[in-house]
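Scroll down for the structure; my scribbles are underneath it.
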Amino acid sequence: MSETTVPIHVGLIMDGNRRWAKEQGLLALAGHEKGMQTLVDVSLHGFENGVQYISAYAFSTENWSRTQEEVSYLMGLILKGVERYLDIFHEAGIKIVFLGSREGVSEPVIKAAEKTEERTKNNTNGTLAICFNYGGKEEIVHAVKQIMEQGVKPEEVTADVIAGALYYPEVPPVDLLIRTSGEQRTSGFMLYRSDYAELLFIRKHWPDMNKEDFNNALAEYAARKRRFGK
Ligand code: FPP
């Protein structure tokens, strides 16, 4: 595969964790834990293969409407994930950033996210953007508020100005967006940044996704001709 056909930014909608767990005869929430391990394996593999940015939908603003037990579990998973995997990503030279709102997120989780960002901020081998308490519309609202607070005049507002006010604006547009589990929608993920993303829907549940599936996704991307409306 030639260098230029590797997507710069791959977005991951990690769907199907609970269905996977049920099919394995496990408690539904166990699917999220396996899903986290899958994210670690697949993202490190992606960075090793030249992908520069990987974003992953870990908790959407809609996920608050799940049971209290599941919400707490997913919040706890962030703490567990930082404890378990921060060293691994840091040693691999990967920068980690969290995209989303802090509203409603507990202090320990915010602290863990900040510690992770601070520790990995100078790493240059790739960026893992964890979308946590993230909503695509909320991100655009956040950008608009920022622009207004800065006193930008209406005639100065351009697509680039909006892009520059998104969460972590250095994260570029999504080139390839993968959703597992057979659902064919984007659920607001990277709403502004995925306008020209190539969409790939995989039938497997997220916890079953492996390096080979990721390689196949990269090959599929390389085979597509991106015209950007031309
Ligand atoms: C969607 O599957 C998945 C989620 C709502 C959570 C995704 C979280 C992870 C993979 C863990 C990653 C965690 C960290 C801390 C980075 P679903 O629960 O909607 O499954 P279903 O469609 O089978 O019900």
Side-chain angles (χ1 to χ4, degrees), residues 10-47 54-89 92 94 96-117 120 128-136 138 167 177-190 200-214 217:
V10 177
L12 300 170
I13 303 181
M14 309 179 286
D15 201 7
N17 290 348
R18 296 180 301 184
R19 277 170 282 170
W20 176 87
K22 282 180 202 152
E23 284 170 18
Q24 307 293 313
L26 300 169
L27 292 174
L29 300 188
H32 295 314
E33 173 132 14
K34 175 67 164 66
M36 181 165 72
Q37 179 64 55
T38 301
L39 175 61
V40 173
D41 295 344
V42 165
S43 63
L44 288 172
H45 176 73
F47 293 127
I54 295 180
S55 55
Y57 213 170
F59 190 90
S60 77
T61 45
E62 284 75 36
N63 287 152
W64 291 109
S65 61
R66 295 199 174 187
T67 63
Q68 181 56 45
E69 185 196 12
E70 185 168 358
V71 170
S72 303
Y73 189 89
L74 286 166
M75 292 291 159
L77 211 48
I78 283 282
L79 300 175
K80 211 191 252 189
V82 168
E83 199 172 297
R84 222 185 257 173
Y85 302 113
L86 177 53
D87 286 347
I88 295 173
F89 279 99
I94 304 303
I96 300 180
V97 293
F98 287 82
L99 274 64
S101 160
R102 291 176 171 208
E103 216 175 300
V105 180
S106 73
E107 208 46 43
V109 174
I110 291 172
K111 286 250 148 56
E114 285 174 352
K115 171 179 139 181
T116 303
E117 291 185 333
T120 62
L128 177 63
I130 296 179
C131 295
F132 196 80
N133 199 17
Y134 175 93
E138 283 84 350
Y167 302 131
L177 177 56
I178 301 172
R179 183 173 190 146
T180 52
S181 198
E183 313 292 344
Q184 301 198 2
R185 58 180 173 275
T186 60
S187 304
F189 181 66
M190 289 285 174
L200 184 62
F201 301 105
I202 296 178
R203 294 199 71 79
K204 274 186 174 183
H205 296 316
W206 173 254
D208 275 335
M209 173 103 180
N210 57 36
K211 295 175 188 176
E212 196 189 337
D213 298 318
F214 195 85

| Among pairs that include at least one residue of residues 67-79, which meet salt bridge (Lys or Arg N to Asp or Glu O under 4.0 Å), considering only residues two or more places apart or in two chains? | R18-E70, R66-E70

| task | Specify the closest pair of heavy atoms between E33 and L77, including all atoms of both residues, with the distance to one decimal. | result | N-CD2, 4.1 Å

| Results of side chain to side chain contact (heavy atoms under 4.5 Å, CB included) for E117 - residues two or more places apart only | V97, F98, Y168

| CD/Q68 to OH/Y73 distance, rounded to the nearest 0.5 angstrom? | 15.5 Å

| Is a side-chain N or O of T186 found less than 3.5 angstrom from the main chain of F189, in a donor-acceptor match? | no

| Distance (rounded to the nearest 0.5 Å) between D213 CG and D208 CG | 8.5 Å

| Judged by atom type as modelled, is there a donor-acceptor pair below 3.5 Å linking the side chain of D41 to the main-chain atoms of T38? | no

| said: Rounded to the nearest 0.5 Å, what separates atom CD in E183 from atom CZ in R203? | reply: 9.5 Å

| Can you find a pair of side-chain heavy atoms, one from E138 and one from N133, that are under 4.5 Å apart? | no

| request: Just jot down the side chain to side chain contact (heavy atoms under 4.5 Å, CB included) partners of K111, sequence neighbours excluded, or say none. | output: E107

| said: Which heavy atom of F59 sits nearest to which heavy atom of V71, and what is that distance? | reply: CZ-CG1, 4.3 Å

| said: Taking side chain to side chain contact (heavy atoms under 4.5 Å, CB included) as the definition, give me every residue that meets it alongside A217, ordered by chain and number, with sequence neighbours left out. | reply: L176, I178, L200

| If you round to the nearest 0.5 Å, how far is CG of L26 from CD of E23? | 11.0 Å

| field | Side-chain donor or acceptor of S60 paired with backbone N/O of E62 under 3.5 Å | value | yes

| Which residues pass the side chain to side chain donor-acceptor pair (under 3.5 Å) test with S101, sequence neighbours left out? | none

| query | Could you give the distance from CG (L74) to CG (L29), rounded to the nearest 0.5 Å? | reply | 7.5 Å

| request: Measure the shortest side-chain to side-chain distance between Y57 and R179 over non-hydrogen atoms and say whether it is less than 4.5 angstrom. | output: no

| Within a strict 4.5 Å, meaning less than it, do heavy atoms of the M190 and L177 side chains meet? | no

| task | Evaluate the side-chain contact (heavy atoms from CB on, under 4.5 Å) criterion for residues I110 and E114: first the C-alpha distance (whole Å), next the side-chain angles of each, then the deciding distance (0.1 Å), finally the verdict. | result | CA-CA 6 Å; I110 291 172; E114 285 174 352; 3.6 Å; yes

| field | Over all atoms of both residues, closest heavy-atom pair of H205 and S181 | value | ND1-OG, 3.0 Å

| task | Kindly indicate whether the side chain of F89, heavy atoms from C-beta on, has any atom under 4.5 Å from the side chain of S43. | result | yes

| message | Are the side chains of L79 and V109 in contact, using a 4.5 Å heavy-atom criterion? | response | yes

| message | For N17, give me all partners under side chain to side chain contact (heavy atoms under 4.5 Å, CB included), at least two apart in sequence or on another chain. | response | H32, W206, P207

| query | What's the spacing between S55 OG and Y167 OH if we round to 0.5 Å? | reply | 14.0 Å

| field | Heavy-atom donor-acceptor pair, T180 side chain to D15 backbone, under 3.5 Å | value | yes

| Heavy-atom check, side chain of I88 versus side chain of L44, under 4.5 Å | yes

| said: In the structure I gave you, are the side-chain heavy atoms of L128 and F47 within less than 4.5 Å of one another anywhere? | reply: yes

